[in-house]
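For reference, the structure discussed in these notes is given below.
Every chain is numbered from 1, with letters handed out A, B, ... down the list of sequences.
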Number of protein chains: 2
Amino acid sequence: MSTAPDLLFRTLADPTRRAIFERLCREGEQTVGALTAQSGVSQPAVSKHLGALKQAGLVRDRHEGRQTHYSAQPGALNPLVDWTSQMAGFWQNRLDALDDLLKRMDQ
Amino acid sequence: MSTAPDLLFRTLADPTRRAIFERLCREGEQTVGALTAQSGVSQPAVSKHLGALKQAGLVRDRHEGRQTHYSAQPGALNPLVDWTSQMAGFWQNRLDALDDLLKRMDQ
DNA sequence: TTAATCCATAACCTGATAGTTATGGATTTC
DNA sequence: GAAATCCATAACTATCAGGTTATGGATTAA
């Protein structure tokens, strides 16, 4: 089940891809052309990144005539949030255990 | 300053490296040998991963005789938490804006 | 002192991937 | 219908990163 964060981390690791996702989060739905215009890479590169983002469930696409609109998919980041809080939780648990141990030694 | 999540995402994108970090979070401080024993890769590979994790601020090392103990560094995940909540925040803002717009149209 | 253990670094190999150009299908515009 | 626009896919290239083996320095054990 820990396979969910894996795809998310891999997908968001690339800077230009993450920049595209960030822009969709900030400004909402965008066409491929609009995203390409300020991405610094070619249109096919953007299309590939969008494909990767879509496969990771981070974006949705909507076809309208000859253009495709992409939008960030809310909730797709949830496994990431879960993972981080889980890691923080483990750390907290060990702190608590240490605390207990010290208390027992103190008596 | 948005360079902080970049290193974190890149560092955590690799599965075996993330597994090492997870184990340090779950079980606390470990020697390189212990980490190697269940990593499925060679000791030099583990050392390199630990170096990457250290450079990202995700782990600390402590030398004791001829062995090195590594431990997860709490708080190193904070930029990740910030980034995700920021993305979620953007999305929420746009929802609010849409809500406002609909309310204004309704009148 | 010698031998063995632990770890880090170097050197090298290989596969994955992000980038490119070329192309074509679908749609709109003239 | 013809031309132009938008986007996706194919094919190729080059870079990078994760893996390996080899090695050596530092420390502990015999």
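As rounded to whole Å, 13 Å separates atom C1' of D/dA10 from atom CD of A/Q43. Rounded to an integer number of Å, the gap from B/R62 CZ to C/dA8 C1' is 18 Å. Between the C1' atom of C/dA16 and the CZ atom of A/R17 lies a distance of 12 Å, rounded to the nearest Å. For B/D14 and C/dT17, the CG to P distance is 11 Å, given to the nearest whole Å. As rounded to whole Å, 13 Å separates atom C1' of C/dC6 from atom CD of B/E64. Regarding B/L53, its CG atom lies at a distance of 12 Å from the P atom of C/dA8, rounded to whole Å. Distance B/F9 CZ to C/dT17 C1': 19 Å, rounded to the nearest Å. Whole-Å rounding puts the A/D61 CG to C/dA26 P distance at 17 Å.
Nucleic acid contact class of A/Q67 (heavy atoms, under 4.0 Å, all strands): sugar-phosphate only.
Heavy-atom contacts from other residues, nucleotides or ligands closer than 6.0 Å to CZ of A/R23 number more than 12.
The aromatic rings of B/W83 and B/F9 sit perpendicular to each other, their planes meeting at more than 60°, with 30° as the lower class boundary.
Along DNA chain C, the nucleotide nearest to B/A34 and the one nearest to B/K48 differ in position, and the one closer to the 5' end is contacted by B/A34. Toward the 5' end of DNA chain C, the nearer of the two residues A/R10 and A/G40, judged by each one's closest nucleotide, is A/R10.
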Could you give me the CA-CA distance, side-chain angles and deciding distance for B/Q30 and B/L24, then say whether side-chain contact (heavy atoms from CB on, under 4.5 Å) is met? CA-CA 7 Å; B/Q30 306 267 337; B/L24 289 175; 3.5 Å; yes
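Residue A/A56 comes nearest to A/T11 through the heavy atom pair CB-OG1, 3.5 Å, listed as atom of the first residue, atom of the second, then distance.
Contact annotation: B/T68 reaches the phosphate of C/dA8 (side-chain N/O to OP1 or OP2, under 4.0 Å). For B/Y70, a side-chain nitrogen or oxygen approaches OP1 or OP2 of C/dA8 to under 4.0 Å. At C/dT17, none of the side-chain N or O atoms of A/H49 fall inside 4.0 Å of OP1 or OP2 (strictly under the cut-off). OP1 or OP2 of C/dG25 has not a single side-chain nitrogen or oxygen of A/R66 nearer than 4.0 Å. Side-chain N/O atoms of B/S47 include none lying less than 4.0 angstrom from OP1 or OP2 on C/dC6. Put simply, B/T36 has no side-chain N or O that comes within less than 4.0 Å of OP1 or OP2 on C/dC6.
Comment: A/R10 engages A/D6 in a salt bridge, judged by a side-chain N to carboxylate O separation of less than 4.0 angstrom.
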